[in-house]
Amino acid sequence: MATIDTLIDAAKIQERVAEMGREISKDYAGKEVVFIPVLKGSFIFAADLIRHIEGVTTSIDFLGLRSYGDGTETSGVVQITSDLTKSIEGKHVIIVEDIVDTGLTMEYLLDNMKTRQPATMKVASLLHKPARTRIKIDIDYLGFTIDDVFVIGYGLDYAQNYRNLPYLGVLNPDG
Ligand code: PRP
């Protein structure tokens with residue numbers, strides 16, 4: 001039976017996400033920002049992050065993307081499963097991701113969003129796995145850099161399971 005090793009516990013995640021929120025609040029003080037969480041993986045991170053935004057006029061719009069199948073490897077094919085509901089032209093935008101792994105998804109996304117002409121666009125990602133980089137992405141707000149392990153929990157899945165865990169863990173299939 002599979003077991004799960006804790007990689008980053010809930011308290012440490014909360015502490016780091018609060019810091020990220022404070023940094024964003026400082027950088028955008030008095031401005032308006034549209035947060036764009038990329039579904040599904042970032043929904044928990046985004047929900048926690050925006051609760052730490054203060055002094056910024058904050059709106060949120062979701063983008064549904066899917067770059068992996070149900071396996072653990074990127075397919076290289078990115079699908080938009082649900083698009084933004086409003087124009088981001090002239091807006092300050094922060095894309096919120098759970099993980100930048102190969103960078104293929106984010107490259108696709110940044111190219112796509114640029115054509116919509118936001119005033120500025122930055123990237124907030126909870127995790128980055130540099131060992132797997134295929135396309136280098138500048139992550140403006142980064143939670144944690146991790147080793148090349150398959151991470152689950154806090155929004156991240158394996159075959160759509162485990163998103164509910166309050167911590168980040170690594171699945172050991174053999175236990
Ligand atoms: C994950 C993650 C990123 C992408 C990163 O999404 O949320 O969008 O993979 O991988 P990359 O840098 O190698 O492109 P996934 O396709 O697993 O969908 P999900 O967010 O719905 O779980």
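Note that these values count all heavy atoms, side chains included, but never hydrogens, waters or copies made by symmetry. Counting starts at 1 for both ligands and their atoms, following the listed order.
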Hey, are the side chains of Leu109 and Leu63 touching, using non-hydrogen atoms and a 4.5 Å cut-off?
-> yes
Ligand 1 contacted by Gln160 (non-hydrogen, < 4.0 Å) | no
At under 4.0 Å between heavy atoms, what of Asp101 touches ligand 1? The answer is both
Mind checking whether His128 contacts ligand 1 via backbone (N, CA, C, O), side chain (CB onward), both or neither, at a 4.0 Å heavy-atom cut-off?
-> neither
Following the transitive rule for hydrophobic clusters with a side-chain heavy-atom cut-off under 4.5 Å over Ile, Leu, Val, Met, Phe, Trp and Tyr, establish whether Val100 and Leu110 coincide in one cluster.
-> yes
Near Ile99, which atoms of ligand 1 are under 4.0 Å from a heavy atom of that residue?
-> 2 (C), 3 (C), 5 (C)
Considering distance alone, does some N or O of Gly103 sit under 3.5 Å from an N or O of ligand 1?
-> yes
Are Glu97 and ligand 1 in contact, using a heavy-atom cut-off of under 4.0 Å?
-> yes
Residue pair Asp98 / Tyr154, side-chain donor-acceptor N/O under 3.5 Å = no
Asp140 side chain vs Lys122 backbone, donor-acceptor pair below 3.5 Å | no
Could you name the option among Lys40, Arg163, Arg134 that has the heavy atom nearest to atom 22 (O) of ligand 1?
-> Arg163
Atom indices of ligand 1 within 4.0 angstrom of Thr102 heavy atoms, with elements | 11 (P), 12 (O), 13 (O), 14 (O)
Just wondering, more than 12 heavy atoms not from Asp147 lying within 6.0 Å of its CG?
-> no
Heavy-atom check, side chain of Val151 versus side chain of Leu127, under 4.5 Å = yes
